[in-house]
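What follows is a single structure, written as structure tokens, with notes after it.
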There are 2 protein chains.
Amino acid sequence: MRHTKKLTLEEIGARVGVSRSTVSRVLNHHPDVAPDVRARVEAVVEETGFQPNQAARALVSQKTGLIGLVMLTEMHELFGDPYYSALVAGIDQGCAEHGLIFSMFPVQSAEGRPDLLSRQFAQGFVDGVIVTAGPFSDPLIEVLRDRGTNMVVIGHPRDTSGLRRIDVDNRTGSELAATHLIERGRQRVGFIGPTSDYHYGAERIDGYRGALTAAGRTVDDRLICLDYPSVDGGHRAAQQLLVHGPDAIHVATDTMAVGVYEALNERGLRIPDDVAVVGFDGFTRAAELAPPLTTVVQPVEEVGRRAVELLAEASTEPREIILPVNLHIRASA
Amino acid sequence: MRHTKKLTLEEIGARVGVSRSTVSRVLNHHPDVAPDVRARVEAVVEETGFQPNQAARALVSQKTGLIGLVMLTEMHELFGDPYYSALVAGIDQGCAEHGLIFSMFPVQSAEGRPDLLSRQFAQGFVDGVIVTAGPFSDPLIEVLRDRGTNMVVIGHPRDTSGLRRIDVDNRTGSELAATHLIERGRQRVGFIGPTSDYHYGAERIDGYRGALTAAGRTVDDRLICLDYPSVDGGHRAAQQLLVHGPDAIHVATDTMAVGVYEALNERGLRIPDDVAVVGFDGFTRAAELAPPLTTVVQPVEEVGRRAVELLAEASTEPREIILPVNLHIRASA
DNA sequence: TTGAAAGCGCTAACAT
DNA sequence: ATGTTAGCGCTTTCAA
């Protein structure tokens, strides 16, 4: 048997013998409240377990304290991916720092229920939304941009105009990777990366090309193999690439590198003796491979933290933040 | 250059030349609106990209259409775990069926920010919340239960009284597993499972004990080894158990079974010849092990779907739904 | 079929 | 230091 009357500020006030304004002041830690009144109000609030209605609060204050992260990704991809794990951890941290509540909206497919999707980010629902760039999120990003939604995009969408965006320096990263392989004396340096609908892949190819060109080499397009950014994709791409006899490979994602290792092992090719490998991402798994993978480490958690920071800022001006990456040299190259 | 005035029902109505009530009716697909009026309103809504304010809607209708899933789990555990992947997929499906929006609240630590935690599930924020049972969620579950929050618990918390709860038949599952091993003629059947703060583990031990007893055997407690429900935990527990020379092991989670396989391989013990193994969970990875793992399959996605169903129901009476599990026989036993 | 009016529960400016 | 009042933007009777 619990309380009979619906709890509101008014009701709490009635029980204490003060007005709802006073209760509101107590709840919001307003200074101008008599200590004894404050104590009595707090006692009743405690005793009743009263929680102010969030919808009413949001309506009047025009803010919810909620940050949404939208991920247009298959659930099993989402959960298998160390990138999201780190990103979410970073966003969570950022939210904690800014006193915001973090909520993830995993969306199996944008096509599926566009009505819900747009409702989710209507006014009064979240204070801001973080969207990760990817082949399926481009339309959503454009809609939200045009609607003036408070949004930060992580990564590189097709159209970056008019966005607040945060990304890592993909081009330089792959340039570092390829340069490292060249400097180690490798002659036939190949590239394995995601298909072109993943825009970061294009940037990484650019870096790879740039490094070769800078070293006075010509780019052999047959040494560039693209596939889905999964272990299997890396495996397939490697099988294709190995036909052309590379003595080094820059793999544009660590996950694909796992597949590349598999393909190399199957052929009996030694790493790095026969084929040197440099990855990109810096996932934990890269260090656990045999041999440990030399890779370009990107600060994923920081990306998440900074995204929240950007969202929390007053300014809503278009802006790009590009974070630097680092080459971690291990045994594979 | 976009619209100058803030868009509200009132403003849309003004532009069309009708009252805000009429606009509301159009938006909510109310039947009694003249076709031409409806068309004109829809045109302006479309043209302006107007979205009704969700906070205002929630305030008056007392519902948000939002279902929250709270997971008191470390981020990297969460993302590595196929259980959550399947569960979230099921919940997402359930929400889609009921026209609800699904939102996940990953909470790194309950201790960290109790104020936020409780604010998250205050009135007017979500229509209902799903909480997964686990060692850290017991306090939260009790608070929400006492507050009368619309909640469904997945799994087995410490105190199940007064809850709407959905779970799988852990006891019977482990009974099936152990019985299978006994029927295959195994003499020393061990048990490896999570530490006792994971309550489902206790149920699975019960099933294991029950099977031995039913077969007229005595339970040797030295053959029961508990550790964290991770690959490493399984590995450690197996090392400990192997000292006592089991010829079969029921591992209470597939994830731990991966670690058990490792330990067995290290000792040069063959599966199932030297030691037969039966897992529990039915994750994809179980089928991919060498040899493929015989395991008790639980319907995780269905658990998620049914949880939403339960939440969407009118009744808020305490209730328990226990779903059946199945033994999938493969090569490991 | 439509509009006017009340009110959801809260915050904040204004009075006292 | 506290109460009164006016909305926030919407849904929903109730009249017309």
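Note on naming: letters A, B, ... go to the chains in the order of the sequence lines (proteins, then strands), and numbering restarts at 1 for each one. Treat the numbers as computed from the prediction; the structure is a model and nothing was measured.
A heavy-atom distance below 4.0 Å to DNA chain C is reached by these residues of residues 32-46 of chain B, ordered by number: B/D32, B/V33, B/A34, B/V37.
Within the 4.5 Å cutoff, side-chain heavy atoms of B/E302 are placed close to those of B/L323. By the 4.5 Å heavy-atom criterion applied to side chains, A/F50 and A/L27 are counted as neighbours.
Not one N or O on the side chain of B/D167 forms a donor-acceptor pair closer than 3.5 Å with the backbone of B/I322.
Close approach of DNA chain D to chain B, defined as any atom under 4.0 Å from a non-hydrogen atom of the protein, starts and stops at D/dG9 to D/dT13.
The side-chain contact (heavy atoms from CB on, under 4.5 Å) check on A/T160 picks up A/H156, A/P157, A/R165, A/E320, with sequence neighbours excluded. Residues forming a side-chain hydrogen bond (donor to acceptor under 3.5 Å, both in side chains) with B/S137 (at least two apart in sequence, or on another chain): none. Contacts of A/D138 classified as side-chain hydrogen bond (donor to acceptor under 3.5 Å, both in side chains), with partners at least two apart in sequence or in another chain: none. Under the rule for a side-chain hydrogen bond (donor to acceptor under 3.5 Å, both in side chains), the partners of A/N170 that lie at least two apart in sequence or sit in another chain are A/E203, A/R204. B/D159 is linked by a side-chain hydrogen bond (donor to acceptor under 3.5 Å, both in side chains) to B/R145, B/S161, counting only residues two or more places apart in sequence or in another chain.
For the side chain to side chain contact (heavy atoms under 4.5 Å, CB included) with B/V16, the qualifying choice from B/V26, B/V44, B/T22 is B/V44, the only one to do so.
Pairs passing the salt bridge (Lys or Arg N to Asp or Glu O under 4.0 Å) check and including a residue from residues 17-27 of chain A, sequence neighbours excluded, read A/E10-A/R20. For residues 32-43 of chain B, the set of pairs meeting the side chain to side chain donor-acceptor pair (under 3.5 Å) definition, not counting sequence neighbours, is empty.
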Donor-acceptor pairs under 3.5 Å, side chain of residues 82-90 of chain A to any protein atom, not counting sequence neighbours: which ones?
from  : atom 1 : to    : atom 2 : distance (Å)
A/Y84 : OH     : A/T73 : OG1    : 3.4

* Under 4.0 Å protein heavy-atom contact, by nucleotide of nucleotides 9-16 of chain C - B base, S sugar-phosphate only -> BBBBB---
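When the local axes at the two ends of the helix from C/dT1-D/dA16 to C/dT16-D/dA1 are compared, using 5 base pairs at each end, they differ in direction by 40° after rounding to 10°.
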